[in-house]
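In what follows, a single structure is set out as C-alpha cells and then discussed.
Just so you know, these numbers use all the heavy atoms, side chains as well, and skip hydrogens, waters and symmetry mates.
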Amino acid sequence: MSVIAHELSHGYAAEMLGDPTARLSGRLTLNPLKHLDPIGSLVVPALSYLLGGFIFGWAKPVPYNPYNLRKGKLGEAIVAGAGIFTNIVLAVFFSLLIRFFGESFSGAFLQIVSLVVLINIVLAIFNLIPIPPLDGSKLLFSVLPFSMHSLEENLERFSLPLLLFVVFFLWQFLTPIIFFVFDHLTGISSLANL
C-alpha cells in the first residue's frame with residue numbers, strides 16, 4: 001500500500017498541475033490491481049527473494065504528460081517529489097504512533113507498524129537516488145540546466161544496469177542510513193524490533 005500511495009501521489013500532483021492523464025487512464029485509485037506490474041510486482045520480487053533473500057520490485061508507474069503540467073520543469077519536480085514526500089509523511093505518521101502509543105501495542109502490532117515505517121523510509125531513500133526512472137533523477141534534472149540533457153539521456157540508456165548495481169552492490173551502504181533514520185524517528189532500535 002505504501003507503493004500505491006507513492007504512485008497515487010504522483011497522479012494527484014500531476015492532476016493539480018493541470019495534467020489529467022492519470023485520472024483518464026483510471027489510475028487515481030487505491031485498487032492495487034490497477035497498480036500491479038506483472039514483472040515488477042510479481043516476478044522480480046519473487047526472484048530477488050529466492051536468489052538474494054530480499055524483496056525488490058516496483059508498481060506500474062502512474063502516467064503523466066509533462067507537457068500538460070503548469071510550471072514546466074518545476075512541475076515535473078513537484079510530481080516526482082510527491083511520491084517521496086508521501087513516503088516521508090507515512091513514515092513520520094507511523095513513527096509518531098510508535099513513540100506515543102507503542103507501549104500499549106501488542107508485540108505483533110508493533111512489528112507491523114515498525115515494518116510500515118521501515119518500508120516507507122526505504123521507498124523514500126531509494127527513490128531519491130538520481131538514476132532514471134527513479135524520482136531522484138527527475139528532481140535532479142529539473143534543477144540542472146538544459147545543457148546537461150545529454151547526461152540524462154546517457155543515464156536513461158544505462159538505467160537498468162545502474163539500478164542493479166545499486167541494489168546488489170551499494171545497498172549495503174544505504175542500509176545503515178535507513179536504520180539510523182528509523183531509530184531516530186521511532187525512538188526504538190531497528191535491530192530489536194524487526
Side-chain angles (χ1 to χ4, degrees), residues 1-49 55-98 112-144 149 152-153 155-156 159-160 163 166-167 178 181-182 185:
M1 291 309 292
S2 295
V3 175
I4 292 169
H6 178 101
E7 290 301 329
L8 267 178
S9 63
H10 289 315
Y12 279 113
E15 178 84 25
M16 289 189 303
L17 290 170
D19 178 42
T21 306
R23 177 175 45 82
L24 294 175
S25 59
R27 296 294 304 286
L28 292 183
T29 176
L30 286 172
N31 179 354
L33 297 177
K34 294 281 188 178
H35 299 282
L36 283 180
D37 178 271
I39 301 297
S41 303
L42 303 171
V43 175
V44 171
L47 285 175
S48 64
Y49 182 74
I55 297 175
F56 174 72
W58 58 87
K60 190 188 315 178
V62 168
Y64 75 96
N65 184 342
Y67 297 108
N68 288 339
L69 299 176
R70 291 188 295 273
K71 302 187 184 219
K73 283 280 198 183
L74 177 60
E76 288 185 67
I78 291 169
V79 171
I84 295 167
F85 179 74
T86 297
N87 292 126
I88 292 169
V89 167
L90 288 170
V92 169
F93 175 78
F94 284 98
S95 295
L96 291 173
L97 287 181
I98 291 171
I112 291 169
V113 176
S114 297
L115 192 57
V116 170
V117 173
L118 184 65
I119 287 169
N120 281 284
I121 293 169
V122 168
L123 286 170
I125 290 175
F126 183 70
N127 275 285
L128 279 169
I129 298 171
I131 298 173
L134 299 178
D135 299 327
S137 68
K138 293 176 181 70
L139 290 170
L140 175 66
F141 289 106
S142 68
V143 297
L144 289 179
H149 187 67
E152 183 179 10
E153 289 176 346
L155 282 174
E156 285 175 355
S159 61
L160 183 58
L163 277 176
V166 168
V167 169
I178 290 165
V181 172
F182 176 90
L185 279 179

Using side-chain contact (heavy atoms from CB on, under 4.5 Å), reason through V3 and W58 one step at a time and then give a plain yes or no.
CA-CA 8 Å; V3 175; W58 58 87; over 6 Å; no
Show every donor-acceptor pair shorter than 3.5 Å between a side-chain atom in residues 123-131 and any protein atom, with sequence neighbours excluded, or say none if there are none.
from: N127; atom 1: ND2; to: L123; atom 2: O; distance (Å): 2.9

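- Taking 4.5 Å as the limit, some side-chain heavy atom of V62 sits within range of a side-chain heavy atom of H35.
- Put simply, the side chain of V117 reaches to within 4.5 Å of the side chain of F182, judged on heavy atoms.
- Separating the CG atom in L134 from the CG atom in L140 is a distance of 12.0 Å, to the nearest 0.5 Å.
- Residue R27 holds its CZ atom at 10.5 Å from NE2 of H10, rounded to the nearest 0.5 Å.
- Nearest approach of G81 to L139, heavy atoms of both residues: N-CD2, 4.0 Å.
- Residue pairs meeting the ring pair (Phe, Tyr, Trp, His ring centres under 6.0 Å) criterion with at least one partner in residues 69-95, sequence neighbours excluded, do not occur; the list is empty.
- Residue A22 comes nearest to G11 through the heavy atom pair CB-CA, 3.9 Å, listed as atom of the first residue, atom of the second, then distance.
- I119 contributes atom CD1, which lies 11.5 Å from atom CD1 of I178 (distance to the nearest 0.5 angstrom).
- Between N68 and P20, the shortest heavy-atom distance links the atoms ND2-CD, 4.3 Å.
- Using a 4.5 Å heavy-atom threshold, the side chains of N120 and I88 count as separate.
- Every residue two or more places apart in sequence or in another chain was checked for a ring pair (Phe, Tyr, Trp, His ring centres under 6.0 Å) with F141, and none qualifies.
- Going from atom NZ of K60 over to atom CG of L33 covers 10.0 Å, rounded to the nearest 0.5 Å.
- Atom CD of E15 and atom CZ of R23 lie 4.0 Å apart (nearest 0.5 Å).
- With hydrogens and angles disregarded, a donor-acceptor distance shorter than 3.5 Å links the side chain of S9 to the backbone of A82.
- P38 has its side chain out of reach of V43: every pair of non-hydrogen atoms, C-beta onward, lies at least 4.5 Å apart.
- Contact record, L163 with P133: CD1-CD, 3.8 Å, taken as the closest heavy-atom pair.
- The 12-atom threshold is exceeded at NZ of K73, counting heavy atoms of other residues, nucleotides or ligands nearer than 6.0 Å.
- For the residue pair P63 and S25, the shortest heavy atom distance occurs at CG-OG, 3.4 Å.
- A distance of 5.0 Å separates CG in L30 from CE in M1, rounded to the nearest 0.5 Å.
- Residues N65 and D19 come closest through the heavy atom pair N-OD2, 2.7 Å.
- Just one of L69, L74, D135 meets the side chain to side chain contact (heavy atoms under 4.5 Å, CB included) condition when paired with V79; it is L69.
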